[in-house]
Novice: 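I'd like to ask you about the structure that follows.
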Amino acid sequence: MNDSHQDVFDNIKGTVGDVTVDNPKMRLSNVDVFYGEKQAIFDVSLDIANNEVIAMIGPSGCGKSTFLRCLNRMNDTIPTCKVTGEMSLDGEDLYGPNLDTVLLRARVGMVFQKPNPFAKSIYDNVAYGPRIHGLASNRAELDEIVVGSLQKAGLYDEVKDRLDAPGTSLSGGQQQRLCIARTIAVSPEVILMDEPCSALDPIATAKIEELIDELRQNYAIAIVTHSMQQAARVSQRTAYFHLGKLVEVGSTNHIFTNPSHELTENYITGRFG
Amino acid sequence: MSTTSLLLLALCLAFVSFIFGRQKAYAVARAHGGTRALHSLPGHYGLMVGLWCALPALAIIIGWKIFEGPIVSSLLDSSIPQAIHDKGDKAVELYKNEINNLAASGKISEESDAAKVGAANRLNSVRSYSAIALMIFSLAVAVIGAALAYRKIKTDTQARPIVEGIVRFFLVASASIAILTTVGILFSVLFESARFFQQVSIVEFVTGTKWSPQTAIRADQAGSSGSFGAIPLFLGTLLISLIAMLVAVPFGLMSAIYLAEYASPRTRAIVKPLLEILAGIPTVVYGFFAALTVAPLIRKLGESIGLSVSSESALAAGMVMGIMIIPFVSSLSDDVITAVPQAMRDGSSGLGATKSETVRKVVFPAALPGIVGGVLLAASRAIGETMIVVMAAGLAANLTINPLEAVTTVTVQIVTLLTGDQEFDSAKTLAAFALGLMLFITTLILNVIALHVVRKYREQYD
Ligand SMILES: Nc1ncnc2c1ncn2[C@@H]1O[C@H](COP(=O)(O)OP(=O)(O)OP(=O)(O)O)[C@@H](O)[C@H]1O
Ligand SMILES: [Mg+2]
């Protein structure tokens, strides 16, 4: 961090806007994340509401992915990573005895920043989650889940003739949609999406945004995106991160038309980031 | 001057020309406003001059050395007395050897026969003239080559393609040597096998179930004509390799999974080299371990539960061989398992899979083709292994699949067929080549499959 960075960093004092909501699905308070000695998230508190899409925006490297990964304890898989703070899902402590990672991640699904299909067929990729959680009692049910998920992710028409082709043989954008289908196949209650449309064309993007809107009726969704337009289109609330701190939270409308913090304004008007 | 010092001198010259060539390239570049004006880098020009200096000179030295021997020898012929020539080729050889020894030892004493001394002296002087001529000639060529190349250095001289072309030629030549050797081995085995199959029908060899290669050693000797059914040998090989794989694959795989997925980096750093030491133990050591420790143990165990176990058994050899090839399986599998992208594991645990589910259902299938490749390579190693079998499984070509009996393998039989005194063209000796050929084909097929599988695996994550 050079001097001007340090100044900016020191000048972010707390979060502007209300981090809490009335109907929280998940509640995080005073979260710090360290990678070894290096701190990546500084004292962030944020609620994820039911039936809501919250967009997380901010310059590259500001800790969006890291924060998102706290929500389903994916940071636990990185040996050097240490997370502190209070986190809960439906009032239950994420690190409590009743909510081990297996159960947690079945309820809080995640679409990763880089598409990561398994070295299996397209069908088996999507069927993987339902199989390990025993969601289908027979093949017909499983077929239904797989086809339904692929349709929702807008991929079915492109792959319906080759469901047994390897998932790795798909194009980058198709792989991204495959990973989305794979996540929604387990019907999680919260879906975390890390730049789910970064490799998609406008048509596929529109389909995913439609899907997000539809999923919102039943689920809570947190989405990381670098596209201001996308954040404005799909989300109800927006959180702006900078240098590991949560600078501002508010209704998307408010953030994009009348941000309170100078950094937020600079970012959304494209002055940096 | 000896050839070695001549070579060294040529190399020094080449190095000096390299320096001069580069110097001139820099000078030319400076005159034209910087190295960008040159077609190639200054180093390329230096290399070009150096190569032009070294290569022709080297070619001359090598060619000279090849032709010097025969020419000198034919010169020597003329100084051999007719009387010796009349005694036949062997006498001529002997005479030449004496002259050579005389010339080399330098002890030209009075007792020696005057003709011989004269010949030896002439030989020495021819040799020293030859050496001087070679030195002058090759060094002249080196200097001329370097000078020609040096003069050619201009801004548009295409030094880079020339240098790259020469480098490429040497790389291709090195690769060809390995390939040519393989082809040579293959052909020698093929020809000898063909001779074997003139004496023993190929059908008998491939389908016969009795192996006793004791033919008469000399034509006038009475004795059985021998039978050459290779099936017991291949069955023995198969049996022992199978036992070895039954030991090596589960243990190797599980240690690989442990090392790649569960072990802490520190444990891994200690355990992996330890495992790989297993591969470094000489097979003879494994052999006596099998014969002196494992085989008696198996026999005692077997007898205590009422089984008859022969003192040499396929089981003992197979088990020890299995231990020997564990590192082949574990090390290769460990590599492919660690090569499975972390993102794939994250994807699985992100869906709520446990660690073992992730390993079994995502990582293992992704690594499977590579693992299969490793296992097949280990299998061809097991099939080719000889020493352990000789020491622990015996020499008896029993047609059996009972692991408690003594069996023998193809490689062991090849060794026993070729050791000892016998006529080289007897069926017994030639049988070794036929066995070698069949073994070669078997392992070749295994290796081709393994390589194919491994290649397919590589394509997957690109
Ligand atoms: N596995 C890791 N080990 C060490 N440091 C990490 C690791 N992952 C992320 N970081 C660091 O943590 C900080 C936040 O990274 P993060 O991936 O959360 O950023 P991001 O906001 O998602 O960026 P982007 O928009 O580029 O995806 C960065 O400085 C990064 O270098
Ligand atoms: Mg990110």
Side-chain angles (χ1 to χ4, degrees), chain A residues 65 68-69 71-80 99-121 124-135 166-169 175-176 178-189 191-194, chain B residues 253 256-270 332-374 452-462:
Chain A
S65 301
L68 204 66
R69 290 161 63 95
L71 294 166
N72 66 346
R73 288 180 57 184
M74 272 312 283
N75 284 326
D76 294 10
T77 61
I78 302 172
T80 56
L99 205 63
D100 69 0
T101 53
V102 171
L103 204 67
L104 171 66
R105 289 172 193 159
R107 290 173 62 186
V108 183
M110 177 154 202
V111 178
F112 291 83
Q113 183 162 1
K114 273 184 273 172
N116 53 354
F118 304 137
K120 296 173 177 294
S121 71
D124 288 336
N125 259 284
V126 184
Y128 182 76
R131 275 189 180 131
I132 56 175
H133 295 299
L135 299 184
T168 39
S169 69
Q175 290 188 7
Q176 208 160 33
L178 179 65
C179 293
I180 293 172
R182 194 173 71 184
T183 304
I184 58 179
V186 251
S187 318
E189 300 160 28
I191 301 178
L192 313 173
M193 295 181 154
D194 201 344
Chain B
L253 263 187
I257 290 178
Y258 168 72
L259 283 178
E261 296 290 329
Y262 291 93
S264 71
R266 259 189 65 196
T267 323
R268 192 183 144 88
I270 297 170
L332 278 167
S333 308
D334 177 59
D335 288 346
V336 289
I337 290 174
T338 9
V340 172
Q342 179 62 29
M344 228 183 245
R345 295 186 184 89
D346 288 349
S348 173
S349 39
L351 287 168
T354 61
K355 177 110 191 175
S356 79
E357 279 169 336
T358 303
V359 170
R360 270 185 296 125
K361 297 183 176 163
V362 173
V363 177
F364 186 72
L368 188 62
I371 291 174
V372 171
H452 179 79
V453 171
V454 170
R455 191 170 312 139
K456 205 169 138 198
Y457 161 78
R458 287 226 180 90
E459 284 160 7
Q460 245 173 24
Y461 310 118
D462 292 344

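Throughout, a chain's letter reflects where its sequence line sits, starting with A, and its residues are numbered from 1.
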Novice: Do side-chain atoms of A:Gln175 reach the backbone of A:Asn116 as a donor and acceptor pair under 3.5 angstrom?
Specialist: no
Novice: Applying side-chain contact (heavy atoms from CB on, under 4.5 Å), run through B:Val362 and B:Arg345 and close with a yes or a no.
Specialist: CA-CA 7 Å; B:Val362 173; B:Arg345 295 186 184 89; 6.0 Å; no
Novice: Which residues in residues 260-270 of chain B have any heavy atom closer than 4.5 Å to a heavy atom of chain A?
Specialist: none
Novice: Donor-acceptor pair, A:Lys120 side chain versus A:Ala127 backbone, under 3.5 Å?
Specialist: no
Novice: What part of A:Tyr128 lies closer than 4.5 angstrom to a heavy atom of chain B: side chain, backbone, both or neither?
Specialist: side chain
Novice: Using every non-hydrogen atom in the two residues, find where A:Ile132 and B:Lys361 come nearest and quote the distance to one decimal.
Specialist: CG2-NZ, 3.8 Å
Novice: If you measure from CE on B:Met344 to OG1 on B:Thr358, what distance do you get to the nearest 0.5 Å?
Specialist: 12.0 Å
Novice: Quick one: salt bridge (charged side-chain N to carboxylate O under 4.0 Å, His left out) partners of A:Asp124, sequence neighbours excluded?
Specialist: A:Arg131
Novice: Holding to side chain to side chain donor-acceptor pair (under 3.5 Å), I want the full list of residues that pass it with A:Arg105, two or more places apart in sequence or in another chain.
Specialist: none
Novice: Which bit of B:Lys355 is near chain A, if near means a heavy-atom gap under 4.5 Å: side chain, backbone, both or neither?
Specialist: neither
Novice: Do B:Leu332 and B:Val336 make a side-chain contact, defined as non-hydrogen atoms from C-beta onward lying under 4.5 Å apart?
Specialist: no
Novice: Please give me the minimum heavy-atom distance between A:Met74 and B:Ser349, naming the atom from each residue.
Specialist: CE-OG, 3.9 Å
Novice: Select one option (side chain, backbone, both, neither) describing which atoms of A:Val186 are under 4.5 Å from chain B's heavy atoms.
Specialist: side chain
Novice: Write out, in numerical order, the residues from residues 107-115 of chain A with a heavy atom short of 4.5 Å from a heavy atom in chain B.
Specialist: A:Val108, A:Gly109, A:Met110, A:Phe112
Novice: Looking only at heavy atoms, what is the nearest atom pair of A:Gly167 and A:Asn125, with distance?
Specialist: CA-ND2, 3.9 Å
Novice: Answer with side chain, backbone, both or neither: which region of A:Arg73 has an atom nearer than 4.5 Å to a non-hydrogen atom of chain B?
Specialist: neither
Novice: Please check if the side chain of A:Thr183 supplies one atom and the backbone of A:Cys179 the other of a donor-acceptor pair under 3.5 Å.
Specialist: yes
